[in-house]
Visitor: 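Below: one structure in C-alpha cells.
Numbering of ligands and ligand atoms starts at 1, following listing order. Every value quoted in this text rests on a predicted model; they were computed, and no experiment measured them.
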Amino acid sequence: MSLVTAPFSTPAHEGKGPPAIRTTCAYCGVGCGLSAAITGERSVTIEGDPDHPANRGKLCSKGTHLGETVGLKGRLLHPTIGAKSATWDKALDLVARRFRETIAQHGPNSVAFYVSGQLLTEDYYVANKLMKGFIGSANIDTNSRLCMSSAVAGHIRAFGEDVVPASYADIDTADLIVLIGSNTAWCHPIVYQRIRARCEAGAKLVVIDPRRTETAEEADLHLALRPGTDVALMNGALAWCRDAGVFDARFLTDHVAAPEGFWEAVSDGHDLWSVARTCDVPAADLKRFYELFAANPRTVTLFSQGINQSLAGTDQVNAILNLHLATGRIGKPGAAPFSITGQPNAMGGREVGGLATTLAAHMDFAPENRMLVQRFWSSPPIAEKPGLKAVDLFRAVGEGRIKALWIMATNPAVSMPDAGRVREALAACPFVVVSDVMADTDTGAFAHVRLPAAAWGEKDGTVTNSERMISRQRALFPLPGEAKPDWWIIKEVARRMGWKSAFAYDRPADIWREHVRLANYQNNGTRLFALPGQGGGGNAGYDEMAPFRWGGTPFTDGRFPTPDGRARLVPVAQKPLAPPLTHWPMTLNTGRYRDHWHTMTRTGLAPKLARHRAEPLVEVHPDDAKRLGIADGGLARVATPQGDSIYRVSITTGQRPGELFVPIHWTDRTSSGGRTGLLPRPLADAISGQPGFKATPAVIAPIATRWRGFALFADEPKRSPDCLWATRVTVPAGSLFELAGDGDPAALDAILPGGERIEAVDAARGTRRVAVLANGRLIAALLLTESGEVPGRDWLIAQLAEPQAAPTLLAGRAPGVSADRGPIICTCFDLGLRTILAAIRDQHLADVVAIGAAIGAGTNCGSCRPALARLIAEETTDAA
Ligand SMILES: Nc1nc2c(c(=O)[nH]1)N[C@H]1C(S)=C(S)[C@@H](COP(=O)(O)OP(=O)(O)OC[C@H]3O[C@@H](n4cnc5c(=O)[nH]c(N)nc54)[C@H](O)[C@@H]3O)O[C@H]1N2
Ligand SMILES: Nc1nc2c(c(=O)[nH]1)N[C@H]1C(S)=C(S)[C@@H](COP(=O)(O)OP(=O)(O)OC[C@H]3O[C@@H](n4cnc5c(=O)[nH]c(N)nc54)[C@H](O)[C@@H]3O)O[C@H]1N2
Ligand code: SF4
Ligand SMILES: [Mo]
C-alpha cells in the first residue's frame, strides 16, 4: 500500500477542522510537545505545541516530518510463530509456556528481557515488574545501557541517586554553555535552538568534540580534543579553578565530601601544558576555555554520547560533576551539569528501574529496598541482585546461559557492539521473542515469535524527557491490524504465566497510578524520585494530564540523597593513552546524522528526511586520504578486528588525522555493506557497562570498483541488488539505491520488474541506462557507468512521481549532473546544497536570515540553520 503522507506546512490548524490532539514527539529526549490534527484514516498534520514548556511550539526536521511515518507500509500487523501468522492466543500461550518451562528447568536467571528507552513508562513498568518481581531475576536490561548508563552511574556516585540536576530553563540564564561529547545541533535540535538564542543574548558557547561538527562550527571556541582525553581536560579545569580561587569554599565545606588525597591528585600533572599535550589541543585554546569557565558562575555543561559511550564513561561523567560540585555550580539557576538523554523515554525507564542494575523507582537491591518493593507488589521473592548488563547479557545468550530472550522496541542485531557476534548469539538461542512495530528488521529475522506492537500515534502513556518533564503520548489512530500496545502484550504473558491479579491492568492509567504509588510508597524524602499529588482524577485525570517536572529544582538546599546528605567528589584519573596498534592504526568514531533515527525503521519511511544524507559516509581527514590513496566520493572498506563495512568516502578537515567517523543508521535491510554495528568492540565501562562506541581501533583502505550508479523503484524491487555495495533510502513515490560493484553490471538487470524496457548504452564510457515502464509510466530505472557521469538523481526521482513522465528522455540526452540539487539541506522547503549555494552566490546572501528571506531555507523547523551558516562561511572564504 502507498504511504499516506501529510502536508507539512499547513497554517496553524487548531480551531479549524477536527480537534487537535496534544501529544509528545516519538524521537529524542528533548521531549517536544506536538499538536496533531487528524486529516484522514492514517494521515495527520503535525505542529509544535505552543503550550509545551519543552519546545514552546518549535519542532526540528524529524518532529516536523513525523506525519510522513504514520502509514502502514512495512508494519507488523499480526503475531507470527516461525514464518506463519498466528492468533494472539496461540502466540501469547507459547511465549508464556516457553518462559515458564525454561525457568522451571534452568532457573529464573536462564531467561532475559532486552527492552528500550522507546517504550513508554507504563510498558517499562510492567516489563520490570514481571522480570524482577515475579520471575525473580534481574535479567532485564535495556538499550539505555548503550546510551546513558554511564551518566546514571556517575550521578549515583556523586549524588547518591540518579538525578539530573538541570532543566532547559537553566540554558536561558547561563552565561557559559559547554557542550562536551554532544552534537546537539543534530541530535537535540530544539535544545540547540534554545542554546543559540541564549548565545545571541551574549552567552558564550564552547564545544568539546574531536570532530568539527555543525555544533562545533558555530561555537565561540571548539576544542577538537584527542578522543578519550576528557578526564584530563576536566581535571585540568578543576586544577585551574582551584588555582584561580573560584572554588565555592562554603559549599564545599557544608555540602560536599572529598575523599582523602583528592586535591593532591588534582594538583598533580594538571598544568595547562601537560593537559594541552594529553588532549592534543592548542594551549592557548585550552587556556581560553579555563578562563571562560573560571569567569562564569552561571555555567551549564551539557553532555551525551562522546562522554557516556567510552570505556571510561563513568569517570568522564564524574570529572564533569566534580567540576560543578567544586565550583558550587549546581542547584542554582543557570548553573548545572546536564546529561541530555537520547531516546524519548530514556528517563522514564530509569524511573521505573528498567536497567538490570536498579530495582524500581530509583531504588537499588539493598535488602530494605527489596523488602519494600516485594511488599508493595505482593510478589514472590524478588530478584536478589543486579542482572546481566547488555553486553554481558548477549554474551550469556551466545554461551547458552540465557535460553529464552524477549526483545522489545530495540534492534540489537544492528545497535549492539560487535553485532555480528550478537547475531550468532540470537541464531543459537533456543527461544527468541521480538515485539516490534515493523515486520522486517535485522533482529526480527532471528525471532521464533514476533509480536506486533502498537506504534507511536497508536499508543497511550507517558514519557520523561531530559529535564525530568513527564508528558503524555496520546493515541491518534485506532490500532491497525492486530497490533497491541506493549503493556498489554507483557501483562497478557504475565497472566498466562500464572500471575493474574498482579497484572490485572485494563488501561495505561491503571499502571500509571500503581507507578505513582510505588514512587511515593514509604518515601520519606530519602528518594528524590517521588510523584506527590499525581495519579488523581481517575482515568479522566490521566487523559488530561499536563506536562510536569518531578523533583522541582533538586539540590537548591545543598542536600543530596546520600547517607550524610553531602555530595561526593569522586577521584578520577585520565587513563593512559594507548599507542596506535600496528594493524589497526586508526580510531573509529560512530554516531548520528541529522535526519535519520537509529536503525531507520521510522525515519526511513519519510522521503523528505532521506536526502540530507542518502548514503552512509566515512569521514576521513585529507592527509590520511592522500597517504592511503582514498578518493573523495569513492568507496572504502573500514575494518576492525570485529568485522568490516563499506562506506562512501567524504574527505573533510572536520575530522582529525588518524580518526574516522561513520553513521550508525544503515542495516541489512537498507544496505549490503554499511553496517556500522559490526565494527565496535564488545567492551564496556567497568562501572556502568556502557560500551565504548566512540573509539575502536580500525583500518581503512580504498576499494576499486568497476562501475557505479543507482537504481530507482516505484515498488519494492523483486530482490535486493546483489553487488559489492548497495544502500537504500526512501524517496517520494519509491526507493533509491546507490550501487557500486566490480562484477558484470548486466547481472543487475535481474532486480528490475517486468514491463516495457527502454535501454541506452554508451559503450565508450561503459554507461547503461535502463528504464522500465508500465502503462507509459516509469516504474523502475537503472543507471550505471564505468567512466561517465550519472544523471541527477532528483530529476529521475521526480519522474517516478510524475504520472506521465517523459522517460524517453532517459534514452536520449539525460540532464547532466548539474541538474541535481545535491544533498538536501533544508527538508522543510526541500532545498538542496547546489540550489542554496547558487542563491548565496547569485543573490549575494550574507547571513542565515538573508537566505531565509530569499528562498525560505531555515525559516520553518530551523534544523538546517547551522548548515546554512557553514555554507555562507565557506562561500565567503572561497570568494576571498
Ligand atoms: N538525528 C538524530 N537525533 C538523535 C538520535 C538519532 O539517531 N538521530 N538519537 C538519539 C539518541 S538515542 C541519542 S543517545 C542522542 C545522541 O546524541 P549525541 O551524543 O549528540 O550524538 P553522537 O553522534 O552519538 O555523538 C556525539 C559526539 O560525540 C563525539 N565524540 C566522540 N568521541 C569523543 C570523545 O572522546 N570526547 C568528546 N568530548 N566527544 C567525543 C562525536 O564526535 C560526536 O560528534 O541523540 C538522540 N537524537
Ligand atoms: N556504533 C554505535 N552503536 C550504537 C550507538 C552509537 O553511537 N554507535 N548508539 C547506541 C544508542 S545511544 C542507542 S539509544 C541505540 C539505539 O538502537 P536501537 O534501539 O536498536 O535502535 P532503533 O532503530 O531505535 O530500534 C527501535 C526498534 O523498536 C521498534 N519500535 C518503535 N516503536 C516501538 C514501540 O512502541 N514498541 C515496540 N515494541 N517496538 C517499537 C522500531 O521499529 C525498531 O525496530 O543504539 C546504540 N548503538
Ligand atoms: S528535538 Fe526534534 S526529534 Fe527531538 S523531540 Fe523535538 S521535534 Fe522530536
Ligand atoms: Mo541513545
Visitor: Which atoms of ligand 1 are found less than 4.0 Å from any heavy atom of Asn183?
Guide: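 Under 4.0 Å from Asn183, ligand 1 has these atoms: 20 (O), 26 (C), 44 (O).
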Visitor: For Thr278, does its backbone N or O pair with a side-chain atom of Arg226 as donor and acceptor, under 3.5 Å?
Guide: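 Such a contact is found between Arg226 side chain and Thr278 backbone.
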Visitor: Under a 4.5 Å cut-off applied to non-hydrogen side-chain atoms, are Val191 and Thr184 in contact?
Guide: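 Val191 reaches Thr184 side chain to side chain.
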Visitor: Run the numbers for me: atoms of ligand 1, each under 4.0 Å from some heavy atom of His596, listed by number.
Guide: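 The atoms of ligand 1 under 4.0 Å from a heavy atom of His596 are 1 (N), 2 (C), 6 (C), 7 (O), 8 (N).
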Visitor: Judging by distance only, is a nitrogen or oxygen of Ile208 under 3.5 angstrom from one on ligand 1?
Guide: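 Looking only at distances, the answer is yes, because the N/O contact criterion of under 3.5 Å is met.
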Visitor: Is there at least one pair of N or O atoms, one from Arg211 and one from ligand 1, spaced under 3.5 Å apart?
Guide: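 N/O-N/O distance below 3.5 Å exists for this pair.
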Visitor: Give the residue and atom name of whichever protein heavy atom lies nearest to atom 3 (N) of ligand 1, and the separation in Å to one decimal.
Guide: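 Minimum-distance protein heavy atom for atom 3 (N) of ligand 1 reads Cys187 CA, 3.4 Å.
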Visitor: Okay, side chain of Asn183, backbone of Arg592: is any donor-acceptor separation there less than 3.5 Å?
Guide: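 No: the side chain of Asn183 does not pair with the backbone of Arg592.
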Visitor: Does any N/O atom on Thr184 come nearer than 3.5 Å to any N/O atom on ligand 1?
Guide: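 No: no nitrogen or oxygen of Thr184 is under 3.5 Å from one in ligand 1.
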Visitor: So, does Ala454 sit close enough to ligand 2 that a heavy atom of it is under 4.0 Å from the ligand?
Guide: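 Within the 4.0 Å threshold, so yes.
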Visitor: Going by heavy-atom distance to atom 38 (N) of ligand 2, choose the closest among Asp486, Thr410, Val434.
Guide: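 Considering heavy atoms of Asp486, Thr410, Val434, the nearest to atom 38 (N) of ligand 2 sits in Asp486.
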Visitor: State the atoms of ligand 1, each with its element, that fall below the 4.0 Å cut-off from a heavy-atom position in Trp186.
Guide: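 Going through ligand 1 atom by atom, the ones under 4.0 Å from Trp186 are 1 (N), 2 (C), 3 (N).
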Visitor: Mark the output for Gln316 as yes if a heavy-atom distance to ligand 1 is under 4.0 Å, and as no if none is.
Guide: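 Per 4.0 Å heavy-atom rule, Gln316 does not contact ligand 1.
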Visitor: Return the residue, atom name and 0.1 Å-rounded distance of the protein heavy atom closest to atom 13 (C) of ligand 1.
Guide: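 For atom 13 (C) of ligand 1, the nearest protein heavy atom comes out as Gly342 CA, 3.2 Å.
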Visitor: Does Lys62 have a heavy atom less than 4.0 Å from any atom of ligand 1?
Guide: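 Flag set, Lys62 near ligand 1.
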Visitor: If the cut-off is 4.0 Å to any non-hydrogen atom of Gln343, which atoms of ligand 1 fall inside it?
Guide: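 What qualifies from ligand 1 is 12 (S).
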Visitor: As an exercise, identify every atom of ligand 1 less than 4.0 angstrom from a heavy atom of Ile180.
Guide: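 Near Ile180, the atoms of ligand 1 are 38 (N).
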Visitor: Among all protein heavy atoms, pick the one closest to atom 37 (C) of ligand 1 and tell me residue, atom and distance.
Guide: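 Checked against all protein heavy atoms, atom 37 (C) of ligand 1 sits closest to Asp230 OD2, 3.5 Å.
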Visitor: I'd like to know whether ligand 1 has Phe303 as a neighbour, heavy-atom separation below 4.0 Å.
Guide: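 No, Phe303 has no heavy atom closer than 4.0 Å to ligand 1.
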Visitor: Look at the aromatic rings of Tyr593 and His665 and report parallel, tilted or perpendicular, splitting at 30° and 60°.
Guide: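 Plane angle between 30° and 60°, so tilted.
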Visitor: What's the shortest distance from atom 23 (O) of ligand 1 to any protein heavy atom, and which residue and atom give it?
Guide: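 Going by distance alone, atom 23 (O) of ligand 1 is nearest to Arg592 N, 3.1 Å.
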Visitor: Have a look at ligand 2 and work out which part of Thr599, if any, has a heavy atom under 4.0 Å from it: side chain, backbone, both or neither.
Guide: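 The answer is both.
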Visitor: Check whether any N or O atom of Thr590, backbone or side chain, sits under 3.5 Å from an N or O atom of ligand 1, and answer yes or no.
Guide: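 The answer is no, given that Thr590 and ligand 1 share no N or O pair closer than 3.5 Å.
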Visitor: Does ligand 1 have an atom under 4.0 Å from some heavy atom of His665?
Guide: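 Yes, that is the case, since the closest heavy atom of the residue is under 4.0 Å from the ligand.
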Visitor: How are the rings of Trp666 and His596 set relative to one another: parallel (under 30°), tilted (30 to 60°) or perpendicular (over 60°)?
Guide: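 If you compare the ring of Trp666 with that of His596, the planes turn out perpendicular.
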Visitor: When you measure from the side chain of Ser466 to the backbone N and O of Thr341, does any donor-acceptor pair fall under 3.5 Å?
Guide: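 The answer is yes, because a donor-acceptor pair under 3.5 Å joins these two groups.
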Visitor: Can you report which non-hydrogen protein atom sits closest to atom 31 (C) of ligand 2, along with the distance?
Guide: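 In this structure, atom 31 (C) of ligand 2 has Val437 CG2, 4.0 Å as its nearest protein heavy atom.
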Visitor: Do any nitrogen or oxygen atoms of His188 come within less than 3.5 Å of a nitrogen or oxygen of ligand 1?
Guide: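 Checking ligand 1 against His188, no N or O pair falls under 3.5 Å apart.
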Visitor: To which protein heavy atom is atom 2 (C) of ligand 2 closest, and what is the distance rounded to 0.1 Å?
Guide: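 For atom 2 (C) of ligand 2, the nearest protein heavy atom comes out as Phe693 CD2, 3.2 Å.
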Visitor: Got a second to check how far Tyr192's OH is from Thr215's OG1, nearest 0.5 Å?
Guide: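 Rounded to the nearest 0.5 Å, the OH-OG1 separation comes out at 5.5 Å.
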Visitor: Nearest to atom 26 (C) of ligand 1 by heavy atom, Gly181, Cys60, Ala216, Gly591: which?
Guide: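 It is Gly181 whose heavy atom sits nearest to atom 26 (C) of ligand 1.
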Visitor: What count do you get for protein N, O or S atoms closer to atom 2 (Fe) of ligand 3 than 2.8 Å?
Guide: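 That number is 1, waters not included.
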Visitor: Starting from atom 27 (C) of ligand 1, find the nearest protein heavy-atom neighbour and note its residue, name and distance.
Guide: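 I find the closest protein heavy atom is Asp209 OD2, 3.3 Å.
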Visitor: Answer with yes or no whether Met416 contacts ligand 2, where contact means a heavy atom under 4.0 Å from a ligand atom.
Guide: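 So Met416 does not count as touching ligand 2.
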Visitor: Counting each atom of ligand 1 from 1 as listed, which ones have a heavy atom of Cys147 under 4.0 Å away?
Guide: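 Those atoms are 14 (S).
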Visitor: Would you indicate which of Tyr593, Phe661, Trp597 comes nearest to atom 1 (N) of ligand 1 when only heavy atoms are counted?
Guide: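 Looking at heavy atoms only, the winner is Tyr593.
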Visitor: Considering non-hydrogen atoms of the protein only, which is the closest contact for atom 18 (P) of ligand 1, and what is the distance?
Guide: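 Ranked first by proximity to atom 18 (P) of ligand 1 is Ser304 OG, 3.4 Å.
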Visitor: Ion pair present between Arg423 and Asp442, side-chain N to carboxylate O less than 4.0 angstrom?
Guide: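 Yes.
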Visitor: Heavy-atom distances under 4.0 Å decide this one: backbone, side chain, both or neither, for Pro680 against ligand 2?
Guide: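 The side chain, only.
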Visitor: Give the numbers and elements of all ligand 1 atoms closer than 4.0 Å to a heavy atom of Thr213.
Guide: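 Those atoms are 44 (O).
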Visitor: What residue and atom, counting heavy atoms only, is the protein's closest point to atom 24 (O) of ligand 2, and at what distance?
Guide: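 Minimum-distance protein heavy atom for atom 24 (O) of ligand 2 reads Gln118 NE2, 2.7 Å.
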Visitor: Any non-hydrogen atom of Val414 lying under 4.0 Å from ligand 2?
Guide: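 Outside the 4.0 Å threshold, so no.
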Visitor: Pick one of side chain, backbone, both or neither for how Ser415 approaches ligand 2, counting any non-hydrogen atom pair under 4.0 Å.
Guide: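 Both backbone and side chain.
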Visitor: Checking His78 against Trp88 for the ring pair (Phe, Tyr, Trp, His ring centres under 6.0 Å) test, could you report, in this order, the C-alpha distance in whole Å, the side-chain angles of both residues, the deciding distance, and whether it holds?
Guide: CA-CA 8 Å; His78 306 280; Trp88 268 114; 9.8 Å; no
Visitor: Nearest protein heavy atom to atom 10 (C) of ligand 2, by residue and atom, and its distance?
Guide: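 Nearest neighbour among protein heavy atoms for atom 10 (C) of ligand 2, to 0.1 Å: Gln309 NE2, 3.4 Å.
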Visitor: Just need the protein heavy atom nearest to atom 19 (O) of ligand 2, so name the residue and atom and give the distance.
Guide: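 Result: Asn143 ND2, 2.7 Å.
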Visitor: For atom 12 (S) of ligand 1, what is the nearest protein heavy atom, given as residue, atom name and distance?
Guide: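 Its nearest protein heavy-atom neighbour is His598 NE2, 3.0 Å.
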Visitor: Under 4.0 Å from any heavy atom of Gly31, which atoms of ligand 3 are there?
Guide: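 Checking each atom against Gly31, I get 5 (S).
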Visitor: When you measure from atom 41 (C) of ligand 2 to every protein heavy atom, which one gives the shortest distance, and what is it?
Guide: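 Closest protein heavy atom to atom 41 (C) of ligand 2: Thr601 OG1, 3.2 Å.
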Visitor: If you have a sec, work out which protein heavy atom is nearest atom 35 (O) of ligand 1 and how many Å separate them, to one decimal?
Guide: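 That would be Gly228 N, 2.7 Å.
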Visitor: Does the distance from a Lys or Arg side-chain N to an Asp or Glu carboxylate O, for Lys575 and Asp315, drop under 4.0 Å?
Guide: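 Salt bridge flag = no for Asp315 with Lys575.
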Visitor: Is ligand 2 less than 4.0 angstrom away from at least one heavy atom of Met148?
Guide: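 Contact check Met148 vs ligand 2: negative.
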Visitor: Quick one: does Ala409 get an N or O within less than 3.5 Å of an N or O on ligand 2?
Guide: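 The answer is yes, given that Ala409 and ligand 2 share an N or O pair closer than 3.5 Å.
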Visitor: Under a 4.0 angstrom heavy-atom cut-off, which atoms of ligand 1 come close to Arg594?
Guide: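 Per the distance check, 1 (N).
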Visitor: Under 3.5 Å, side chain of Gln642 to main-chain N/O of Asp418, donor-acceptor pair present?
Guide: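 Not at all, since once roles are kept as given, no pair shorter than 3.5 Å links the two residues.
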Visitor: Could you find the nearest protein heavy atom to atom 44 (O) of ligand 2 and give me its residue, atom name and distance?
Guide: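 The closest heavy atom on the protein side is Asp436 OD2, 2.6 Å.
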Visitor: Here's a test for you: under side-chain hydrogen bond (donor to acceptor under 3.5 Å, both in side chains), which of Thr599, Thr601, Asp440 qualifies with Arg669?
Guide: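 With Arg669 as partner, side-chain hydrogen bond (donor to acceptor under 3.5 Å, both in side chains) holds for just one option, Asp440.
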